[in-house]
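So the structure is just underneath, and the comments pick up after that.
Only a predicted model underlies this, so the values are computations on that prediction, with no experimental measurement involved. Lettering follows sequence order; numbering is per chain, from 1. Worth knowing before you read on, the calculation uses all heavy atoms, side chains too, and leaves out hydrogens, waters and symmetry mates.
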Amino acid sequence: MLNIALPKGRLGDKVAALFDSAGLGCAQLSDPGRKLVFEDTGQGLRYMLVKPSDVAIYVAHGAADVGVAGKDVLVEGNYDLYELLDLGFGRCDMCIAAKNGYVEDPTRPVRVATKFPNIASAYYRSINREIEVIKLNGSIEIAPLLGLSDVIVDIVETGATLKENDLRVCEKILPVSARLIANKASYRFAADRIDRMSQTLKGALQ
Amino acid sequence: MSYRDTMPKEDVLALELPAVYESFSYRKYSMAKFEEYSFYSDHRKFLPDAGIIAFNNSDGRLMALKPDITLSIVKNAKLTEQGCARLYYNDTVYRMREDTHDYREIRQIGAEALGQVDAYTQAELCYLALCSLAKIDPDFILSVSHMGLAVHYADTLPLSHGLKKQLIRFVASKSLHEIRSLCEGQRLDPEITERLCGFSALRGTLAEVLPALTGLCVDQTMREAAKELAALERELSGTPYADRICFDASVINHIDYYNGLIFQGSVRRCPFPVLSGGRYDLLAGRIRARAQAIGFAVYLDGLNLYYPTVTEGDADVFILCGEDTAGLLEQVRALTDAGKTVRVGKDPNGVRAGQILRYEEGKLC
């Protein structure tokens with residue numbers, strides 16, 4: 001049995017459609033109701049639906065052999081996993097954004113509000129800029145408006161939320177999309193099967 | 001039922017693995033739990049990123065609880081000019097958890113060959129790694145690669161140090177799409193991209209992949225690496241574990257530490273590698289002039305979680321007694337001498353016992 005961790009929610013719907021078109025899905029995947037674990041015994045697949053940010057954790061700890069997770073989550077968590085395929089959807093960018101008219105003061109550290117402290121720190125470290133990270137869990141856009149931070153580091157899909165809150169993208173720092181991931185130890189024992197799955201999904205994407 | 005079923009896996013291996021190493025004349029290497037801090041700070045780049053536990057000795061010297069065993073062995077082992085010291089250890093290291101920043105004690109067993117390492121020694125040590133994995137679980141795989149292949153090739157490319165590291169990370173995560181994206185972004189020759197992707201995609205037994213692997217080599221270092229793997233395959237092909245060795249270019253470990261053959265062992269039950277090792281002349285040569293070295297460590301830490309012991313209860317017999325216990329010990333002894341485990345108490349609730357007996361008026365009933 002191959003255990004697959006898939007994200008719930010908006011990304012999950014796209015993943016379910018892809019698995020379905022690749023012949024890897026099952027009826028419950030498109031309409032799971034409240035059930036979180038279900039099996040396709042015919043194909044030897046067990047699916048588990050989890051919070052998108054938790055998929056990589058399930059795979060890293062071996063509770064799932066493979067999974068689908070966003071690149072943002074993978075980079076932030078720095079998990080030791082195989083990233084086998086870029087599924088191409090859920091495309092957005094990890095961006096630095098600030099209030100319209102913001103001018104950076106080079107004489108002091110930049111205050112950065114973000115859900116992604118590791119990505120933000122790594123980026124600013126790469127340009128040798130000192131920052132003060134303010135970790136938030138949601139509604140990041142509000143931080144510069146209330147003077148909590150100078151900038152935010154967050155994922156931007158269309159930019160509509162930024163626009164509505166008088167913010168603008170200053171810089172794109174990481175392209176993000178959904179990725180097929182695998183636990184390294186699991187892969188070693190099911191490499192043929194996982195590679196076949198990866199190829200099938202790749203074929204369905206084309 | 002044997003001790004293998006009832007003892008924690010970590011203890012079973014601590015009992016069984018030394019005999020494997022001793023049968024190949026590896027000698028036990030024992031060391032103190034701490035060493036001068038300056039030794040570790042001088043070789044910081046060879047150590048895990050997490051912190052070292054330091055404290056002041058009574059004479060004012062700053063000491064450290066051992067964060068790594070190999071460093072101590074390389075520094076302190078007695079070597080002869082032409083010989084090769086064969087050592088094993090069964091010891092603990094102290095490291096910080098990267099997620100919680102708590103310190104933890106980690107038990108490790110491993111084997112090291114230090115001095116002049118020839119092809120035979122290399123094959124022998126890999127065989128010991130295979131034997132160690134077989135002791136953990138018969139369902140295992142030893143994934144091997146060589147630092148002279150993809151890592152060396154990435155190092156020869158006209159890229160910044162940061163991009164080379166990124167490229168090596170993509171090879172280690174089998175991210176062919178990221179390799180392509182980076183190479184295209186840097187306008188590298190498409191042939192370079194295909195070669196890197198070729199390494200990353202290659203997998204199978206050594207015998208299966210060697211022809212394709214040799215075809216991907218473009219310079220002397222890579223060809224030498226492929227030859228070393230071919231020699232290893234020849235040496236190990238006659239062993240009972242030949243079909244358990246696979247080539248996997250994603251096996252990349254500390255690039256400042258390892259320089260040649262590199263390997264990682266996995267068992268089906270565990271979601272992490274349980275053994276890791278390789279050729280580490282870069283480290284050995286820095287501490288001991290001209291020394292070569294190869295070794296591996298078995299990570300006992302965490303194995304107990306995936307190999308639960310079989311518990312049949314707290315005792316075979318529970319003896320329920322009152323206030324009068326005169327003569328009871330003799331009755332208990334008779335049972336234990338007959339091979340039973342016995343617990344005596346006034347309340348059997350919460351005790352998992354195969355049989356409950358009552359002790360009344362000097363008799364069991």
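- No option in B:Arg107, B:Arg95, B:Arg104, B:Lys9 other than B:Arg104 meets the salt bridge (Lys or Arg N to Asp or Glu O under 4.0 Å) test with B:Asp301.
- Comment: A:Arg179 does not engage A:Asp72 in a salt bridge, judged by the lack of any side-chain N to carboxylate O separation of less than 4.0 angstrom.
- Residues B:Leu196 and B:Ala150 come closest through the heavy atom pair CD2-O, 4.5 Å.
- For the residue pair A:Asp154 and A:Thr114, no side-chain donor N or O sits within less than 3.5 Å of a side-chain acceptor on the partner.
- Side-chain atoms of A:Glu76 come within 3.5 Å of backbone N or O of A:Ile119 as a donor-acceptor pair.
- Only the side chain of B:Asp248 comes within contact range of chain A, judged by heavy atoms closer than 4.5 Å.
- In the model, B:Arg279 has no side-chain atom that pairs as donor or acceptor with a side-chain atom of B:Asn259 under 3.5 Å.
- Listed by sequence position, A:Asp195 are the residues of residues 193-206 of chain A in contact with chain B, using a 4.5 angstrom heavy-atom cutoff.
- Among residues 183-191 of chain A, the residues having any heavy atom closer than 4.5 Å to a heavy atom of chain B are, in sequence order, A:Asn183, A:Lys184, A:Ala185, A:Tyr187, A:Arg188, A:Phe189, A:Ala191.
- Side chains of B:Thr70 and B:Tyr280: no donor on one and acceptor on the other come within 3.5 Å.
- For a residue to count as touching a neighbouring chain, one of its non-hydrogen atoms must lie under 4.5 Å from one of that chain's; by this rule B:Arg268 touches chain A with backbone and side chain alike.
- Per-residue heavy-atom pair counts under 4.5 Å with chain A were compared for B:Leu176, B:Val274, B:Val267, and the maximum is reached by B:Val267.
- Counting only distance, with no hydrogens or angles, the side chain of B:Arg195 and the backbone of B:Leu216 share a donor-acceptor pair below 3.5 Å.
- The distance from the CD1 atom of A:Ile4 to the CD1 atom of A:Ile181 is 12.0 Å, given to the nearest 0.5 Å.
- For the pair B:Glu208 (side chain) and B:Thr205 (backbone), a donor-acceptor distance under 3.5 Å is present.
- By a heavy-atom distance cut of under 4.5 Å, B:Ala172, B:Ser173, B:Lys174, B:Ser175 are the residues of residues 160-175 of chain B near chain A, going up by number.
- A:Arg129 contributes no side-chain N or O that, together with a main-chain N or O of A:Tyr124, makes up a donor-acceptor pair within less than 3.5 Å.
- For a residue to count as touching a neighbouring chain, one of its non-hydrogen atoms must lie under 4.5 Å from one of that chain's; by this rule B:Cys270 touches chain A with the backbone only.
- With ring centers used as reference points, B:Phe140 lies under 6.0 Å from B:Tyr241.
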message: I'd like to know whether B:Tyr306 forms a ring-ring contact (aromatic ring centres under 6.0 Å, His included) with B:Phe272, so could you lay out the CA-CA distance, the side-chain angles of the two residues, the decisive distance to 0.1 Å, and finally the verdict.
response: CA-CA 11 Å; B:Tyr306 298 93; B:Phe272 50 81; 5.7 Å; yes

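- A:Glu171 and A:Tyr123 form a side-chain donor-acceptor contact under 3.5 Å, judged by distance and modelled atom types alone.
- Most heavy-atom pairs under 4.5 Å with chain A: of the set B:Pro273, B:Ser181, B:Ser200, B:Ser143, this distinction falls to B:Ser143.
- When B:Leu149, B:Ile252, B:Asn253 are each tested for a side chain to side chain contact (heavy atoms under 4.5 Å, CB included) with B:Ile262, only one passes: B:Asn253.
- Only the backbone of A:Leu81 has a heavy atom closer than 4.5 Å to any heavy atom of chain B.
- Proximity to chain B among residues 85-99 of chain A is limited to A:Leu85, A:Asp86, judged by heavy-atom separations below 4.5 angstrom.
- To the nearest 0.5 Å, atom CD of residue B:Gln264 and atom CZ of residue B:Phe296 are 14.0 Å apart.
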